[in-house]
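Below is one structure; the comments refer to it alone.
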Amino acid sequence: MLPVFRVNGLPQPSRWDPSHSSTSDPLISHGRHFGRTVFALCNFPSLLTNGILRLEQMEDAPLEDFSTDERREHRVFEHLLDSYPGLLERLQNGSEEELIHVGELIGKGAAGARGDDTKTLKSAVLDWISPKGAAIQPPLHRNSKIDRGFNHELTGSLLCPAGLDWKDPETRESLRSGEMSVCGDQWPIFLYTNYTYDADDPWCGLLRNRLLVSAYKHVFTSPSSVDKEPKATRSGNARLHGMNAVTIASIAYIATQVRFALSSSSVFSRTDTSTDSETFYHSLLDLLEDPEESKEVDELLTWWNRQVFPTSSAAKRPISANSALAKIRLRRLAVKQAADLNSS
């Protein structure tokens with residue numbers, strides 16, 4: 001039973017009241033940003049239900065005892081709780097009906113943002129892939145995607161899996177006919193700097209492509225910021241939510257959106273086997289969240305923050321190894337370590 005709130009002695013609607021419009025509910029706005037920056041492809045009612053149940057189970061078993069997927073889901077759940085003060089109390093004190101409704105509101109926001117971004121990027125991406133000073137030939141329609149994907153020379157070359165040669169007629173025909181199916185974990189060449197993949201060093205240039213940066217600015221700062229140098233002043237979705245640094249999930253989200261914009265699929269769906277967007281998104285997260293890859297990921301995030309949020313502390317360059325500052329800090333560390341040894 002939910003408590004009844006009173007203002008000046010008069011009863012007010014409870015926290016969940018389906019008779020009241022939820023279009024301006026702050027949970028929807030939060031869901032829009034959360035989906036873009038923390039976790040995009042998710043059933044939020046299930047996330048909340050499983051998270052609450054898991055909190056009870058963790059009284060007897062540590063998180064390490066759960067499966068990899070369950071641990072990831074719980075990290076997302078905890079991030080959601082941390083980012084929305086009072087949410088845990090609301091979920092624990094509310095009914096099951098309210099818990100599901102809260103999840104639906106967050107999910108509505110995430111799905112709405114994803115739909116908005118899919119719609120605007122469908123047209124915008126053509127401007128970014130057009131040859132300088134020339135038009136795309138044959139022309140690609142802004143409002144129809146049927147001629148994109150492997151059906152078109154340009155979009156096909158960008159979507160071609162890294163390690164395959166689009167210029168090879170046999171490869172090209174196999175991709176176009178569907179004889180060669182492309183899974184979500186076969187990353188397209190457009191993810192790489194200058195569309196160049198080094199099989200001996202697959203990290204080289206990964207997720208450092210100007211196409212991705214353009215799409216990121218379009219979504220997070222503003223469409224008008226795409227062709228401009230980054231400035232201290234920010235606008236758009238990032239500013240609305242106090243965002244001043246790029247997140248791992250936001251890079252994966254933008255890559256997923258661009259991949260879909262280049263494809264011939266007309267409707268974005270988690271279960272769409274032709275684009276396999278959910279597998280693609282999760283495969284990027286698998287890499288970027290892997291502790292073994294932390295050095296490369298830290299360097300990647302620094303590079304991204306220089307492109308999008310150059311005044312942020314996250315965009316600062318690491319101290320040069322042979323600089324005076326680095327030597328002073330090393331000396332200070334050595335003195336401290338010697339003092340610690342003497343005191344122990």
Side-chain angles (χ1 to χ4, degrees), residues 27 30-84 87-88 91-92 96 99-111 113-114 117-118 161 181-188 191 202-203 206-207 246-257 259-260 265 268-298 300-301:
L27 281 169
H30 194 75
R32 290 179 68 86
H33 190 64
F34 192 87
R36 285 168 168 154
T37 59
V38 180
F39 205 73
L41 306 178
C42 175
N43 182 319
F44 284 95
S46 294
L47 175 77
L48 298 183
T49 302
N50 294 341
I52 292 295
L53 290 173
R54 202 175 293 113
L55 285 178
E56 297 173 2
Q57 295 169 348
M58 286 171 61
E59 293 177 2
D60 302 315
L63 186 60
E64 291 71 28
D65 288 356
F66 292 85
S67 69
T68 302
D69 288 342
E70 287 174 321
R71 291 199 300 271
R72 168 182 278 172
E73 184 183 65
H74 200 72
R75 286 197 301 271
V76 174
F77 173 69
E78 289 182 326
H79 198 128
L80 181 57
L81 296 181
D82 291 342
S83 64
Y84 200 91
L87 181 59
L88 177 59
L91 296 175
Q92 290 178 325
E96 181 181 350
L99 184 149
I100 293 172
H101 184 66
V102 166
E104 288 173 343
L105 288 175
I106 298 170
K108 181 178 180 180
R114 187 169 68 244
D117 296 338
T118 298
S181 61
V182 179
C183 299
D185 58 1
Q186 290 178 276
W187 296 338
L191 294 185
W203 255 113
L206 178 62
L207 296 169
V246 170
T247 66
I248 284 172
S250 63
I251 298 174
Y253 173 77
I254 291 298
T256 304
Q257 284 282 11
R259 179 174 175 268
F260 180 77
S265 294
F268 192 109
S269 170
R270 289 175 55 197
T271 56
D272 180 7
T273 54
S274 62
T275 57
D276 206 13
S277 292
E278 187 165 20
T279 300
F280 175 74
Y281 177 74
H282 285 150
S283 69
L284 287 177
L285 287 183
D286 286 342
L287 173 73
L288 299 176
E289 293 177 347
D290 186 345
E292 297 292 325
E293 308 293 339
S294 60
K295 179 178 179 292
E296 288 81 1
V297 172
D298 287 345
L300 177 69
L301 288 172

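By convention here, the first residue in the shown sequence is residue 1. No experiment lies behind these values; they were computed from the predicted model shown.
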Non-hydrogen atoms of F77 and L47 that approach each other most closely: CD1-O, 3.8 Å
What I'd like to find out is whether the side chain of Y253 reaches to under 4.5 Å of the side chain of F39, using heavy atoms alone. no
Before giving the answer on side chain to side chain contact (heavy atoms under 4.5 Å, CB included), spell out for F268 and L41 the whole-Å C-alpha distance, their side-chain angles and the decisive distance to 0.1 Å. CA-CA 11 Å; F268 192 109; L41 306 178; 3.9 Å; yes
Is there a side-chain contact between W203 and L287, using heavy atoms and a 4.5 Å cut-off? yes
Scanning both residues in full, the closest heavy-atom pair of E292 with E296 reads O-OE1, 4.5 Å
Is there a donor-acceptor pair closer than 3.5 Å between any side-chain N or O of E78 and the backbone N or O of R75? no
Check: T275 side chain, F260 main-chain N or O, donor-acceptor pair, under 3.5 Å: no
Between D286 and R72, is a side chain to side chain contact (heavy atoms under 4.5 Å, CB included) present by the stated rule, with each step listed? CA-CA 10 Å; D286 286 342; R72 168 182 278 172; 2.6 Å; yes
Taking all non-hydrogen atoms of both residues, which atom of A252 and which atom of L285 are closest, and how far apart? CB-CD2, 4.0 Å
Give a yes or no on whether the backbone of L63 and the side-chain of R71 come within a donor-acceptor separation of less than 3.5 Å. no
Residues that F44 engages under ring-ring contact (aromatic ring centres under 6.0 Å, His included), provided they are two or more places apart: none
In short, S181 meets Q186 closest at the heavy-atom pair O-OE1, 3.6 Å
When you compare the side chain of E289 with that of V297, does any pair of heavy atoms fall below 4.5 Å? no
Carboxylate-amine/guanidinium contact D276 R259, below 4.0 Å: no
Which pair of heavy atoms, one from G51 and one from H74, lies closest together, and at what distance? O-CE1, 3.9 Å
Please tell me if the side chains of R54 and M58 come closer than 4.5 Å, counting only heavy atoms from C-beta onward. yes
State, yes or no, whether a side-chain contact exists between L80 and V38 at a heavy-atom distance under 4.5 Å. no
From CG (L99) to CD (Q92), nearest 0.5 Å: 10.5 Å
E96 side chain reached by I100 side chain, heavy atoms, under 4.5 Å: yes
CG of L284 to OG1 of T279, rounded to nearest 0.5 Å, is 11.0 Å
With a 4.5 Å heavy-atom cut-off, do L301 and L288 have their side chains touching? no
Could you check if a side-chain atom of F66 sits within less than 4.5 angstrom of a side-chain atom of Q57, using non-hydrogen atoms only? yes
Rounded to the nearest 0.5 Å, the CD1 atom of I254 sits from the CG atom of L207 at a distance of 12.0 Å
CG of L53 to CG of L48, rounded to nearest 0.5 Å, is 11.0 Å
Could you tell me whether the side chain of Q257 and the main chain of R114 form a donor-acceptor pair under 3.5 Å? yes
Sub-3.5 Å donor-acceptor pair from the side chain of Y281 to the main-chain atoms of A40, do we have one? yes
Please state whether the rings of F34 and H79 are parallel, tilted or perpendicular, taking 30° and 60° as the class boundaries. perpendicular
When rounded to the nearest 0.5 angstrom, what distance separates CG in L91 from CD1 in I52? 5.0 Å
Please report the closest heavy-atom contact between S250 and V246, naming both atoms and the distance. OG-CG1, 3.7 Å
